[in-house]
Enquirer: 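Quick one: this structure, given as structure tokens, is what I'll be asking you about.
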Amino acid sequence: MVVARTRAEALDWRRQMRAQGKRIAFAPTMGALHAGHVSLIKLGLEKTDVAASSIFVNPTQFAAHEDLSTYPRSEANDLAKLAEAGCSFCYCPLPTEMYPPGDSTRVMVKDLSHILEGEVRPHFFEGVASVVSRLFLHVGPDVAVFGEKDYQQLLVIRRMVQDLGFGIEILGGPTLREADGLAMSSRNAYLTAEERARSAGLARVMRETAALLEGGAGIRAATDAAKAEILAAGFTSVDYVEARRADTLAPFGLECAPVGASGRLLVAARMGKTRLIDNVGFVRRG
Ligand code: PAF
């Protein structure tokens, strides 16, 4: 696997791939890789000839009070996992390759960036869109894969690619879960053993609530009950539990989702000092 640290090295690799007529799939990451990331590489490889990834803990998507300095870093381990998954190239850029001295350009997907996660983390999606657009320019993929675990991020990237005409196909990879249902996440490493055991309650409540919404339960009543159950499961606080339209994340604006509508139930909750997010899809039955 080729490891590039500079934009020039990334462009060089991409030129070689193009010269060989190879289509590139790309799954960007911030490292601390788990099976969920590996599944994104494999999904990309089903569609293309070669897989590329990146490891860059992007400072612009962290607020000053967030975990940038303590975010788990394990590059050697991560590179071994990527190579094992069949990845041919990993871009681990120096910070100055992504944000050159004097840098002052940002990308903002307006509407989607200010709701749900964007309300709690106002800087977050601007940081994500800014770094992902640069990664796309440096790596030049044909297909890019993002986990559905970060569902709102996936929609933000889709919108950005459409608006800026990147010409990259965006694929969503299904969320991988631990045996007890907890969605895989690099941040799960922050949980103590006791918190880890209690965290399984989140996926259970989400599953049960999605089933109620599919059956026609009222949205406000179902999400309020879910919030109470998440707290009863031992979570410290709940930032939001919302059932939204799956394609735009707009509210349904009705008592219950219309028959046949595709929705997404999204949650963010804190277990001690760790903030966990999750989401599940649902379709309202007739
Ligand atoms: O999902 C992530 O790991 C990050 O937000 C991403 C897409 C790699 C951008 O830094």
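When a residue number appears, it is its place in the shown sequence, counting from 1. Note that ligands are numbered from 1 as they come in the structure, with each ligand's atoms numbered from 1 the same way. Basis for what follows: all heavy atoms, side chains included, without hydrogens, waters or symmetry-related copies.
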Enquirer: If you measure from the Lys or Arg side-chain nitrogens to the Asp or Glu carboxylate oxygens, is any gap between Arg18 and Asp142 under 4.0 Å?
Expert: yes
Enquirer: Would you call Glu148 and Arg264 a salt bridge, using N to O less than 4.0 angstrom?
Expert: yes
Enquirer: Pick out the protein N or O atoms lying less than 3.5 Å from any N or O of ligand 1, and list each pair with its distance.
Expert:
{"residue": "ligand 1", "atom": "1 (O)", "partner": "Gln153", "partner atom": "NE2", "Å": "2.8"}
{"residue": "ligand 1", "atom": "5 (O)", "partner": "Gln61", "partner atom": "NE2", "Å": "3.0"}
{"residue": "ligand 1", "atom": "5 (O)", "partner": "Gln153", "partner atom": "OE1", "Å": "2.7"}
{"residue": "ligand 1", "atom": "10 (O)", "partner": "Gln61", "partner atom": "OE1", "Å": "2.7"}

Enquirer: Does the distance from a Lys or Arg side-chain N to an Asp or Glu carboxylate O, for Arg5 and Glu9, drop under 4.0 Å?
Expert: no
Enquirer: What residues join Leu182 in its hydrophobic cluster, counting side-chain heavy atom gaps under 4.5 Å, either direct or through other members?
Expert: Leu191, Leu202, Val205, Met206, Leu213, Ile219, Ile230, Leu231, Phe235, Val238, Val241, Phe252, Leu265, Val267, Met271, Leu276, Val280, Phe282
Enquirer: When you measure from the side chain of His37 to the backbone of His34, do you find a donor-acceptor pair of N or O atoms at a distance under 3.5 Å?
Expert: yes
Enquirer: Provide the closest heavy-atom pair for Ser130 versus Val107 in the form atom of the first, atom of the second, distance.
Expert: OG-N, 2.9 Å
